[in-house]
Amino acid sequence: MHAEAEILKRTGGREVSGVVLDAETIAQRVHALGAEITDHYADGDLLVLGLLKGSFIFLSDLVRSIMRPHQVDFLVAASYGNATQSSGNVRLLYDPETELAGRHILLVEDIVDTGNTLNRLVRLLGARGPRSLEICALLHKRIAPNLELEPRFVGFDAPPVFLVGYGLDHAEDFRHLPFIASLRE
Ligand code: IMP
Ligand code: MG
C-alpha cells in the first residue's frame, strides 16, 4: 500500500520487516473487544485505566467502542532496565488521583510480555479496594511464566518477536504507525 510504504521509509534508519496486523484487522478486533467489555459490565462505576504510553492509541479506539458510561484515566509506569527487556521493578510516575475503591477497574495494556509490569500493577491496584479488577491487553505473547491475573480481554496472541506501531515503540519511535509490524533485528 502506498501510504504504508511511505511511513516505513521515515523510521530513522531502523526498518520494520513486515506488517503483522493491518489497520483494518486491528479496528475490527478492537471494536469487538469494546462490545465484550460493554456486555461484561452490567452495572456499577467503570474506570478504564490506560497504561501509558503504549496503550494510548488502543485506548482511544477502545473507549469509543465501549457503549456504557465509564470514565478514563491513565497510569504512567516506568520499568528499570533496557529498552527491549523488562526488569521486575515498576515504579509509578503518574498515579490517578481518582478513588478506585468500590469501582470496576479495567487496566488497559498494549502488550503482555514477561508479565512483570502487570504483576506489580495488579498488586498495587488490588490493594486499593476496587469492586473488580480486570485487564484488557491488545496483544499477549503468552510467554509470561506466572501472571497474578490473566487478562480477561485480549485482542490478539502475538508472535514472539519485537513489535512496533499502533502505540508500541522501539526507543520511542514507531508509535504512530497505524498498523503493527515486526522490527528487523
Ligand atoms: P512486561 O512487563 O515484560 O510484560 O512488558 C510489558 C511492556 O514492555 C509493555 O507494556 C511494552 O511497553 C513493552 N514491550 C514488551 N514487548 C514489546 C514489544 O514487542 N514491542 C514493544 N514494546 C514491548
Ligand atoms: Mg514501551
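Residues: numbered from 1 along the sequence shown. A quick note: this is a predicted structure, and the numbers were derived from the prediction, not measured. Hydrogens, waters and symmetry mates are skipped; everything else that's a heavy atom, side chains included, is used.
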Note, Ile26 side chain near Val30 side chain (heavy atom, < 4.5 Å)
yes
Just grab all the salt bridge (charged side-chain N to carboxylate O under 4.0 Å, His left out) pairs involving residues 63-74, residues at least two apart or on different chains.
Asp61-Arg64
Min side-chain heavy-atom separation Val164-Val16 under 4.5 Å:
yes
With Phe153 via ring pair (Phe, Tyr, Trp, His ring centres under 6.0 Å) - residues at least two apart:
His40
Which pair of non-hydrogen atoms, one from Lys141 and one from Val161, has the smallest distance, and what is that distance?
NZ-O, 3.2 Å
Contact list for residues 124-138, test salt bridge (charged side-chain N to carboxylate O under 4.0 Å, His left out), sequence neighbours left out
Asp43-Arg131, Asp95-Arg128, Glu134-Arg152
What pairs of residues pass the ring pair (Phe, Tyr, Trp, His ring centres under 6.0 Å) test when at least one of them lies in residues 90-111, not counting sequence neighbours?
Tyr41-His104
Taking C-beta and beyond as the side chain, do Val20 and Pro159 meet within less than 4.5 Å on heavy atoms?
yes
Taking only residues two or more places apart in sequence, or in another chain, which ones meet Glu99 in a salt bridge (charged side-chain N to carboxylate O under 4.0 Å, His left out)?
none
Thr25 side-chain N/O to Leu21 backbone N/O, donor-acceptor pair under 3.5 Å:
no
Any ring pair (Phe, Tyr, Trp, His ring centres under 6.0 Å) pairs touching residues 114-146, not counting sequence neighbours?
none
On a heavy-atom basis, which atom in Leu183 and which in Ser17 lie closest, and how many Å separate them?
C-OG, 4.2 Å
Using the ring pair (Phe, Tyr, Trp, His ring centres under 6.0 Å) rule, collect all pairs that involve residues 106-128, keeping only residues at least two apart or in two chains.
none
Do Phe74 and Leu59 have side chains that get closer than 4.5 Å, going by heavy atoms?
yes
Has Asn119 got a side-chain atom pairing as donor or acceptor with Asn146's backbone, closer than 3.5 angstrom?
yes
Ignoring hydrogens, what is the shortest heavy-atom contact between Ala77 and Leu51? Give both atom names and the distance.
CB-CD1, 3.8 Å
Among the clusters formed by ILVMFWY side chains lying less than 4.5 Å apart, do Val48 and Val154 turn up in the same one?
no
Same cluster (ILVMFWY, side-chain, under 4.5 Å), Ile105 and Leu124:
yes
Going by ring pair (Phe, Tyr, Trp, His ring centres under 6.0 Å), name the pairs with one or both residues in residues 109-133, residues two or more places apart or in two chains.
none
Within the structure provided, determine whether Arg103 and Gln71 are in side-chain contact (heavy-atom separation under 4.5 Å).
yes
Does any part of the side chain of Leu138, heavy atoms only, come nearer than 4.5 Å to the side chain of Ile180, both counted from C-beta?
yes
Check ring pair (Phe, Tyr, Trp, His ring centres under 6.0 Å) between His70 and all other residues, then give those that pass, not counting sequence neighbours.
none
List in chain and number order the residues that pass salt bridge (charged side-chain N to carboxylate O under 4.0 Å, His left out) with Glu24, two or more places apart in sequence or in another chain; answer none if no residue qualifies.
none
Derivation of the side-chain contact (heavy atoms from CB on, under 4.5 Å) call for Val108 and Leu49:
CA-CA 6 Å; Val108 177; Leu49 265 186; over 6 Å; no
Side chains of Leu75 and Leu107: does their closest heavy-atom pair fall under 4.5 Å?
yes
Going by the rule salt bridge (charged side-chain N to carboxylate O under 4.0 Å, His left out), which residues pair with Asp157 if we only count those two or more places apart in sequence or in a different chain?
Arg142
Got a sec, which pairs hit salt bridge (charged side-chain N to carboxylate O under 4.0 Å, His left out) with one end in residues 45-60, sequence neighbours left out?
Lys53-Glu172
Any side-chain heavy-atom pair from Asp110 and Phe56 closer than 4.5 angstrom?
no
